[in-house]
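Everything on this sheet refers to the single structure shown next.
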Amino acid sequence: MEQERKLIGEERRNAILKWLQETDTPLTGSFLAKKAAVSRQVIVQDISLLKAKNEPIIATSQGYVYMAQHTPETEIEQIIACKHDPHRTEEELTLIVDYGVTVKDVIIEHPVYGELTASIRVSTRKQVADFVHHISNTGASYLSELTDGVHLHTLTSYSQKQLDQAIQALDDAGFLIKD
């Protein structure tokens, strides 16, 4: 990648927005910083400013993603309650994506901060492996470790059958919390 000239202020934020909108894959802060010839911290601040203007940008473990407003109406979303030890996270996520279902996020109920939601956005085995690898390499903890393994996931799919099959497989594997 050829380094561009240093972009300033609003011009840089417009360029970041354009770059995010032109790709379906996450772009890291480091990639954007190099492309704009600024520091990664400048990019973090720019993303915050863009979010404050209601731009639908989310930060995932793989980088920043622009969430297009034209999500098809046929996409189905369902929240499930799970409980497991951290070492079963990859197994849980892989089981879900193997049915063609996307894990949108993880949600926990923190005793001090209330509901905490973190974007995961994994749809393939590779994305799951990258996510787990990133957690391991950074020494970060899974949010579910703050709640003894109890957490929610928002699942999305274009097929109710695939969603139902993934949920049944989670139940069979002992991941779901029963009523």
Side-chain angles (χ1 to χ4, degrees), residues 1-4 7 12-72 75 77-80 82 84 86-108 116-146 151-158 162-163 166 170 175:
M1 172 183 64
E2 192 173 304
Q3 183 170 322
E4 305 286 331
L7 299 178
R12 182 181 58 246
R13 287 183 286 282
N14 288 336
I16 291 168
L17 203 52
K18 179 176 173 261
W19 296 329
L20 289 171
Q21 290 170 338
E22 290 176 343
T23 183
D24 292 330
T25 60
L27 299 179
T28 66
S30 298
F31 172 85
L32 293 170
K34 191 171 184 181
K35 196 154 173 69
V38 295
S39 71
R40 192 175 102 28
Q41 186 56 38
V42 169
I43 296 299
V44 170
Q45 291 170 5
D46 284 343
I47 294 292
S48 294
L49 289 170
L50 289 167
K51 285 181 176 184
K53 290 182 176 182
N54 293 319
E55 291 294 347
I57 299 169
I58 60 168
T60 70
S61 60
Q62 295 91 26
Y64 296 108
V65 177
Y66 186 86
M67 300 305 296
Q69 299 293 339
H70 61 282
T71 302
E75 188 173 47
E77 198 170 89
Q78 187 166 342
I79 296 176
I80 58 167
C82 301
H84 60 82
H87 71 275
R88 292 193 72 197
T89 300
E90 186 168 15
E91 176 188 357
E92 173 203 38
L93 296 174
T94 300
L95 193 152
I96 296 167
V97 302
D98 279 353
Y99 283 92
V101 174
T102 297
V103 182
K104 181 178 176 180
D105 57 30
V106 61
I107 306 162
I108 64 164
L116 297 177
T117 303
S119 177
I120 297 179
R121 287 225 105 39
V122 294
S123 302
T124 66
R125 281 180 169 249
K126 175 159 181 9
Q127 290 172 341
V128 168
D130 289 347
F131 172 74
V132 171
H133 181 74
H134 189 62
I135 292 283
S136 176
N137 276 358
T138 59
S141 298
Y142 294 105
L143 281 184
S144 62
E145 291 182 66
L146 299 173
H151 59 285
L152 304 175
H153 283 300
T154 306
L155 305 181
T156 63
S157 178
Y158 294 104
Q162 288 175 310
L163 199 52
L170 287 168
F175 286 110

- Leu20 and Val65: CA distance, side-chain angles, deciding distance, side chain to side chain contact (heavy atoms under 4.5 Å, CB included) verdict: CA-CA 6 Å; Leu20 289 171; Val65 177; over 6 Å; no
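Rounding to the nearest 0.5 Å places CD1 of Ile120 at 8.5 Å from CD1 of Ile96. Here the CZ-CD distance, from Arg13 to Gln45, works out to 9.5 Å after rounding to the nearest 0.5 Å. One distance of note links CG of Leu27 with OG1 of Thr60; it measures 9.5 Å at 0.5 Å rounding. Note: Arg121 CZ to Ile58 CD1 = 5.0 Å, rounded to the nearest 0.5 Å. Rounding to the nearest 0.5 Å gives a distance of 5.5 Å between CD1 of Ile135 and OH of Tyr142. One distance of note links CG of Leu146 with CD1 of Ile108; it measures 4.5 Å at 0.5 Å rounding.
The shortest distance between side-chain heavy atoms of Ile16 and Leu49 does not fall below 4.5 Å.
Every side-chain hydrogen bond (donor to acceptor under 3.5 Å, both in side chains) that Thr23 has, sequence neighbours left out, goes to Thr25. Taking Ser157 as the reference, Val101, Ser159, Gln162, Leu163 meet the side-chain contact (heavy atoms from CB on, under 4.5 Å) condition, with sequence neighbours excluded. With sequence neighbours left out, Thr102 forms a side-chain contact (heavy atoms from CB on, under 4.5 Å) with Ser123, Thr156. In this view, His153 and His151 satisfy the ring-ring contact (aromatic ring centres under 6.0 Å, His included) rule, not counting sequence neighbours. Under the side-chain contact (heavy atoms from CB on, under 4.5 Å) criterion, Ile107 pairs with Asp105, Glu115, Thr117, Leu152, Thr154, not counting sequence neighbours. By the salt bridge (Lys or Arg N to Asp or Glu O under 4.0 Å) test, Arg40 pairs with no residue at all, sequence neighbours left out. In this structure, the side-chain contact (heavy atoms from CB on, under 4.5 Å) partners of His134, at least two apart in sequence or on a different chain, are Ser61, Thr138. Not counting sequence neighbours, Tyr64 has no partner by the ring-ring contact (aromatic ring centres under 6.0 Å, His included) test. Residues satisfying the side-chain hydrogen bond (donor to acceptor under 3.5 Å, both in side chains) test with Gln21, not counting sequence neighbours, are Tyr66. Checked against salt bridge (Lys or Arg N to Asp or Glu O under 4.0 Å), Arg12 has the following partners two or more places apart in sequence or in another chain: Asp46.
Annotation: salt bridge (Lys or Arg N to Asp or Glu O under 4.0 Å) contacts involving residues 132-146, sequence neighbours excluded, are absent. Applying the salt bridge (Lys or Arg N to Asp or Glu O under 4.0 Å) test to pairs two or more places apart or on separate chains, those with a residue in residues 127-141 are Lys126-Asp130.
Contact detail for Val97 and Arg125: the closest heavy-atom pair is CG2-N, 3.9 Å.
In this structure a side-chain-to-backbone donor-acceptor pair under 3.5 Å is missing from Thr94 to Glu91.
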